[in-house]
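Data block below; observations after.
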Amino acid sequence: MSETSTASTLFPSELTWEGDGTHRIPFLAYTSEEIYRRELERFFYRSHWCYVGLEAEVSDTGDFKRTVIGERSVIMARDADGGIYVVENVCAHRGMRFCRERHGNRKDFVCPYHQWSYTLQGDLQGVPFRRGVKQDGKVNGGMPSDFKTSDHNLTKLKVAVRGGVVFASFDHEVESLEDYLGPTILGYFDRLFNGRQLKILGYNRQRIPGNWKLMQENIKDPYHPGLLHTWFVTFGLWRADNKSQLRMDDRHRHAAMVSTRGSAGKAGQVTQVSSFKEEMKLHDPKFIDIVPEPWWNGPTAVMTTIFPSVILQQQVNSVSTRHIQPDGHGSFDFVWTHFGFEDDTEEMTNRRLTQANLFGPAGFVSADDGEVIEFSQQAFESKPFHRAVAELGGRDVENTEHMVTETLIRGMYRYWRTVMEA
């Protein structure tokens, strides 16, 4: 049985596209609260898998992590049977969000309001005064005789674990995770999560004042990295003349941007931009002390967007997940989980941590993205009747062997329209 709620069946009449295309995106798609609420229902709470964390974050029995799917608070926990379970952080009694810690270890979950207690799998196991309270020879109160604890469990989510990554869905009829990703994106997923034991290195968190889709767009947009990011274009980490591929699943919701680092320095058209700083030098060369790893199989960077909730990052030796957590139509929390592998040498672990400075809220690269998303949202709010243009490379949706295109953004909105207008 799917755990969903009812959404409006009508779309705002002001939302207009040019025919059946997705190359002109109405600003209203980023500013309408009605559209946002429908997105939550259709993308986060129904028919989709959402990222919740890594197995390595709950390595021991009783370990838990509090996170969110859409705007709904959930808890990922490892029980004594070794399994990983995800339950909604809403007490079945009076609806309190009972868990406040982000991480911890518990034998069970207890709501502080009235002390209802639950197993780590979400089963109600204890109700204070369920049989009433004896006083002056009689029993006062208590639950009705037909009260059953089994009718009042926490909401349990369907869980899928692959390669140490945990996904969950409120919709128990959702397709398998493998079918959801599709064979092309699954290949890139398995390239990164290839069975090696993961090791958590740390976290970054930030609140970005922009619509959640803008971050999905940002990592489906190979046009901007060699223009916006001084680090990328100057040191050759990601620019338009790199050997590259853009790949999507058959429904165009997920994507992989694949790049192989070229040379740094000046190089014709791609460095005739203001962000290229020919005289820029590093005081500490360790930031680009890149050591190729066998599992790369060629590409030095693969950025995979899994719609709607997560980005899988491999930028040279830095690897992380980036979790998109919507909070209203105009902001989202962005949580970075930096990891390595248990068999990494100490030198490789330090290299991964050093290169992680390029990313995160104050990263030498990623700080730029947070700013442009904020400034874009400000403009959308001031001019909701206008539209954005995504026509680089044409108006079609197709895989390419280059980065001079916005095809992945057009693909995402083709899927978005199919679901939202149904």
Practice problem: Check step by step if side-chain hydrogen bond (donor to acceptor under 3.5 Å, both in side chains) holds for S320 and Q313. | Solution: CA-CA 5 Å; S320 68; Q313 170 199 305; 3.3 Å; yes

Between [atom1] on residue [X] and [atom2] on residue [Y], distance to nearest 0.5 Å:
X: L124; Y: W116; atom1: CG; atom2: CH2; value: 5.5 Å
X: K107; Y: D79; atom1: NZ; atom2: CG; value: 13.0 Å
X: F341; Y: M348; atom1: CZ; atom2: CE; value: 10.0 Å
X: M248; Y: L408; atom1: CE; atom2: CG; value: 5.0 Å
X: L181; Y: W49; atom1: CG; atom2: CH2; value: 10.5 Å

Taking [X] for the side chain and [Y] for the main chain, is one N or O donor matched with an acceptor at less than 3.5 Å?
X: Q216; Y: P308; answer: yes
X: R414; Y: I409; answer: no
X: H93; Y: C91; answer: no
X: Q314; Y: L192; answer: no
X: T349; Y: T345; answer: yes
X: N204; Y: G360; answer: no
X: H386; Y: F27; answer: no
X: S318; Y: Q315; answer: no
X: R253; Y: M412; answer: no
X: R191; Y: N297; answer: no

Which atom pair, heavy atoms only, marks the closest approach of [X] to [Y]?
X: F98; Y: V90; value: CE2-N, 3.7 Å
X: S117; Y: V110; value: CB-CG2, 3.8 Å
X: I69; Y: A168; value: CD1-O, 3.9 Å
X: I306; Y: F167; value: CD1-CZ, 4.1 Å
X: G163; Y: L198; value: O-CD1, 4.2 Å
X: A256; Y: I185; value: N-CD1, 3.9 Å

Any side-chain donor-acceptor pair under 3.5 Å between [X] and [Y]?
X: E71; Y: Y36; value: yes
X: H224; Y: D369; value: yes
X: Y223; Y: T405; value: no

Practice problem: For V302 and W296, run side-chain contact (heavy atoms from CB on, under 4.5 Å): C-alpha distance rounded to whole Å, both residues' side-chain angles, the deciding distance at 0.1 Å, then the answer. | Solution: CA-CA 9 Å; V302 177; W296 291 1; over 6 Å; no

Above 12 or not: heavy atoms from other molecules or residues under 6.0 Å from [atom1] of [X]?
X: D81; atom1: CG; value: yes
X: R94; atom1: CZ; value: no
X: R102; atom1: CZ; value: no
X: E401; atom1: CD; value: yes

Is the gap between the ring centers of [X] and [Y] under 6.0 Å?
X: H254; Y: Y180; answer: yes
X: F109; Y: Y118; answer: no
X: Y203; Y: H103; answer: yes

With the threshold set at 4.0 Å, does a side-chain nitrogen-carboxylate oxygen contact exist between [X] and [Y]?
X: D63; Y: R78; result: no
X: E173; Y: K158; result: no
X: R352; Y: D344; result: yes
X: D123; Y: K156; result: yes
X: R37; Y: E33; result: yes
X: E57; Y: K65; result: yes
X: E391; Y: R24; result: yes
X: R66; Y: E101; result: no
X: E55; Y: R162; result: no
X: R251; Y: D249; result: no

Practice problem: Scan F43, W416, Y413, F44 and name whichever one has a ring pair (Phe, Tyr, Trp, His ring centres under 6.0 Å) with F307. | Solution: F43

Exercise. Would you verify whether the NZ or CZ of R247 falls within 45 degrees of the ring axis of Y188 while also being under 6.0 Å from that six-membered ring's centre?
Key: no

Quiz item: Relative to F170, does R72 satisfy both conditions: NZ or CZ under 6.0 angstrom from the six-membered ring centre, and within 45 degrees of the ring's axis?
Solution: yes

Practice problem: Give me the ring orientation class for F380 and Y30: parallel if the planes are under 30° apart, tilted from 30 to 60°, perpendicular past 60°. | Solution: parallel

Quiz prompt | Aromatic ring pairing H338/W336, orientation class (parallel under 30°, perpendicular over 60°, tilted between) | solution = parallel

Quiz item: Does the side-chain contact (heavy atoms from CB on, under 4.5 Å) test come out yes or no for V139 and R131, once each step is laid out?
Solution: CA-CA 8 Å; V139 176; R131 311 287 184 194; 6.0 Å; no

Practice problem: Mind running side-chain hydrogen bond (donor to acceptor under 3.5 Å, both in side chains) on Q125 and D108 for me, showing each step along the way? | Solution: CA-CA 9 Å; Q125 64 182 0; D108 50 25; 3.0 Å; yes

Exercise. Show the numbers, then the answer: is there a side-chain hydrogen bond (donor to acceptor under 3.5 Å, both in side chains) between D179 and S176?
Key: CA-CA 5 Å; D179 289 344; S176 72; 3.3 Å; yes

Quiz item: Quick one: side chain to side chain donor-acceptor pair (under 3.5 Å) partners of E406, sequence neighbours excluded?
Solution: none

Quiz item: Is there a side-chain contact (heavy atoms from CB on, under 4.5 Å) between M215 and K220 once you walk through the steps?
Solution: CA-CA 9 Å; M215 186 53 75; K220 296 178 189 286; over 6 Å; no

Quiz item: Is there side-chain contact between R38 and M420, with heavy atoms separated by less than 4.5 Å?
Solution: yes

Quiz prompt | Contact check, side chains of F334 and Q325, non-hydrogen atoms, under 4.5 Å | solution = no

Quiz prompt | Q355: which of N350, N317, V319 passes side chain to side chain contact (heavy atoms under 4.5 Å, CB included) | solution = N317

Practice problem: Tell me, with the steps shown, if T321 and V165 meet side-chain contact (heavy atoms from CB on, under 4.5 Å). | Solution: CA-CA 10 Å; T321 63; V165 188; 5.6 Å; no

